[in-house]
There are 2 protein chains.
Amino acid sequence: MTTTVLENLQFRLASRPVGPAKASDWQQMTQVVPAINDGDIIIKTLYLSLDPAMRGWMNDGKSYIRPVAIGEVMRAAGIGLVVASKSPKFAVGDHVSGALGVQQYWSGAADDKAGAFIKVDAGLAPLPTYLNVLGMPGLTAYFGLLEVGQPKAGETVVVSGAAGAVGMTVGQVAKQLGCRVVGIAGGKDKCDFVVDQLGFDACIDYKAGSVKDGLKQHCPQGVDVYFDNVGGDILDAVLTRINKKARIVICGAISQYNNTTPVKGPANYLSLLVNRARMEGIVVFDYADRFHLGIKAMGQWLQEGKMKNKVDIVQGLENFPQSLAMLFEGKNFGKLVLQVADE
Amino acid sequence: MTTTVLENLQFRLASRPVGPAKASDWQQMTQVVPAINDGDIIIKTLYLSLDPAMRGWMNDGKSYIRPVAIGEVMRAAGIGLVVASKSPKFAVGDHVSGALGVQQYWSGAADDKAGAFIKVDAGLAPLPTYLNVLGMPGLTAYFGLLEVGQPKAGETVVVSGAAGAVGMTVGQVAKQLGCRVVGIAGGKDKCDFVVDQLGFDACIDYKAGSVKDGLKQHCPQGVDVYFDNVGGDILDAVLTRINKKARIVICGAISQYNNTTPVKGPANYLSLLVNRARMEGIVVFDYADRFHLGIKAMGQWLQEGKMKNKVDIVQGLENFPQSLAMLFEGKNFGKLVLQVADE
């Protein structure tokens with residue numbers, strides 16, 4: 001290995017945002033990647049996953065994962081290429097998935113717990129797929145739907161954020177199970193996509209009309225499972241249409257993440273009482289010991305053409321702040337990925 | 001049987017209340033009890049159960065039970081004495097429990113489905129007990145806690161409305177299971193009662209200070225099961241203290257029943273996500289085929305002195321409207337029962 005000086009552009013958290021993240025909440029800096037010790041590797045970031053959950057990680061306070069500290073490199077999942085290795089675990093040229101952070105290079109111990117790096121097979125699927133259907137969003141959808149939503153064939157499954165990374169997987173997995181699947185998304189293009197390309201039975205455009213009316217029309221048998229990625233008024237609308245013993249999977253609440261006022265709680269939550277229904281949260285890390293089963297099942301559906309994968313790729317690490325903002329403005333169409341480098 | 005003319009004072013629903021029920025929402029009228037046919041019985045009302053759920057039955061709209069119609073006798077559970085019978089099912093002198101309605105006499109078919117009359121044993125427990133621990137409130141507590149809350153020995157169970165009919169049973173059953181039990185109630189007398197008389201480990205007086213601070217102090221290991229009878233700010237406070245995989249039983253929301261503004265949804269519901277926790281509704285009628293098991297278990301605890309029963313008895317059917325209002329003002333202390341007649 002020749003010694004090359006690697007310049008590493010990083011985005012660090014400069015301050016905790018109030019409302020949407022602003023440019024001044026980020027600190028851009030460039031560091032030189034240090035020489036590595038035994039057991040260490042250097043990973044070149046190829047793709048970074050941009051996820052709604054990242055907004056939550058920027059807040060202080062108890063959550064399912066510790067907040068990103070002020071001055072710390074912003075946490076992000078990514079796919080990278082091992083470019084230096086003093087570890088038997090990875091070889092130069094391996095493709096890996098893990099918590100690379102918003103930077104050009106990650107370096108440290110190959111068995112770093114926070115990094116949680118695993119090899120991915122670039123031959124099985126295009127690399128960004130490992131940030132989507134075969135990555136955290138896909139696994140969140142898979143285990144959230146199966147373990148918490150517990151849909152049965154013939155039941156009606158509704159999913160919000162239907163054209164997003166999690167939503168598109170929820171709907172497609174539910175179709176594999178024989179459910180009626182109704183998406184909720186913003187805009188005709190997204191709705192057409194999930195129906196025409198992904199095979200959802202219907203999609204309600206929340207920008208074009210009343211979600212409640214859409215649910216009446218497209219869920220004539222009521223709603224048995226609702227997979228919620230958005231919270232707010234849409235959650236409240238679905239609560240009015242649930243069936244007895246319905247299951248609501250609380251996966252996220254993107255409508256509320258940038259609030260400067262308190263979160264809007266679901267005013268119709270007493271529908272849970274009337275319908276003996278359940279609302280339950282899901283965090284994907286709880287299923288880590290079974291990730292390989294989800295990847296295997298969905299990998300096969302992808303290869304057989306029974307499932308599709310849509311990625312919205314933005315170029316250039318320097319565009320990280322405005323790319324992240326796209327999520328909260330509903331501007332991405334499919335799983336949002338930032339391409340940081342070519343191989 | 002000698003023929004006696006029985007005058008029957010009734011309270012009928014005159015109009016659907018906006019906010020708390022007013023005097024003008026009731027119509028008092030006196031009818032003569034008609035002669036009965038084969039298969040019929042006449043029941044003299046002795047005790048009526050006054051329950052928060054009654055406010056919900058006065059509203060129009062889909063719920064777990066049909067609304068009381070305008071002009072109909074107000075629905076109420078009660079204990080009565082069979083005073084005339086042309087049915088082999090009941091004999092004169094039997095004590096029965098069922099939906100007698102807010103009136104002095106019920107008459108009709110002994111096997112009336114809405115009435116759902118069953119015999120009760122006046123020798124086993126005082127009659128009002130069958131409207132409390134051995135009645136719907138007690139069974140709601142028993143099945144809601146065991147089936148939905150699923151507490152394990154050593155876990156912390158919190159219950160609101162702790163001195164009320166459901167709450168006092170929840171706490172006492174949870175103590176039998178070996179849980180740490182913390183009540184939430186309004187006022188020192190109620191709090192002292194549930195701790196000193198019922199054996200709760202602690203009780204938070206929501207009128208005297210911050211519920212959140214009380215939870216911090218009295219639930220050092222967090223909250224595993226929360227049995228909610230009140231909703232509103234107290235539900236939100238508990239949501240900030242729940243443990244991973246906590247279960248929240250939604251039994252009622254008395255703080256919200258008289259609202260003229262929309263229900264206050266739980267702003268902290270995303271704690272369900274962070275903690276992979278669950279919020280689930282309970283309706284007691286779902287467990288009807290196992291009521292006898294609950295009555296047997298709790299009847300034995302009562303007889304052994306392991307459980308106590310507190311009833312707050314108000315006299316006189318004519319006092320029904322103001323007695324019902326006591327529930328929503330937190331003025332009752334123990335299960336509120338209206339004594340309509342002596343035997």
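In the text below, chain A, chain B and the rest are named by the order of the sequence lines, each starting its count at 1.
Taking CZ from Arg247(B) and CZ from Arg278(A), the interatomic distance works out to 12.0 Å, rounded to the nearest 0.5 Å. To the nearest 0.5 Å, atom CG of residue Leu273(B) and atom OH of residue Tyr64(A) are 7.0 Å apart. Atom CZ of Arg276(A) sits about 14.0 Å away from atom CD of Glu147(B), to the nearest 0.5 Å.
Within a 6.0 Å sphere centred on NZ of Lys212(A), heavy atoms belonging to other residues, nucleotides or ligands number 12 at most.
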Under the criterion side-chain contact (heavy atoms from CB on, under 4.5 Å), I'd like the reasoning laid out for Lys244(B) against Asp286(A): C-alpha separation, chi angles, the key distance, then a yes or no. CA-CA 11 Å; Lys244(B) 202 169 156 181; Asp286(A) 294 348; 4.0 Å; yes

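Counting heavy-atom pairs closer than 4.5 Å to chain A, the top-ranked of the candidates Asn268(B), Ile250(B), Ile282(B) is Ile250(B).
The part of Leu235(A) that comes within reach of chain B is its side chain, from C-beta onward, which places non-hydrogen atoms under 4.5 angstrom from that chain. With a 4.5 angstrom heavy-atom cutoff, Asp236(A) does not touch chain B via any of its atoms.
Side-chain contact between Leu272(A) and Met279(B): present, with at least one pair of heavy atoms (C-beta onward) separated by less than 4.5 Å.
Nearest heavy-atom pair across Pro266(B) and Tyr269(A) is CD-CD2, 3.6 Å.
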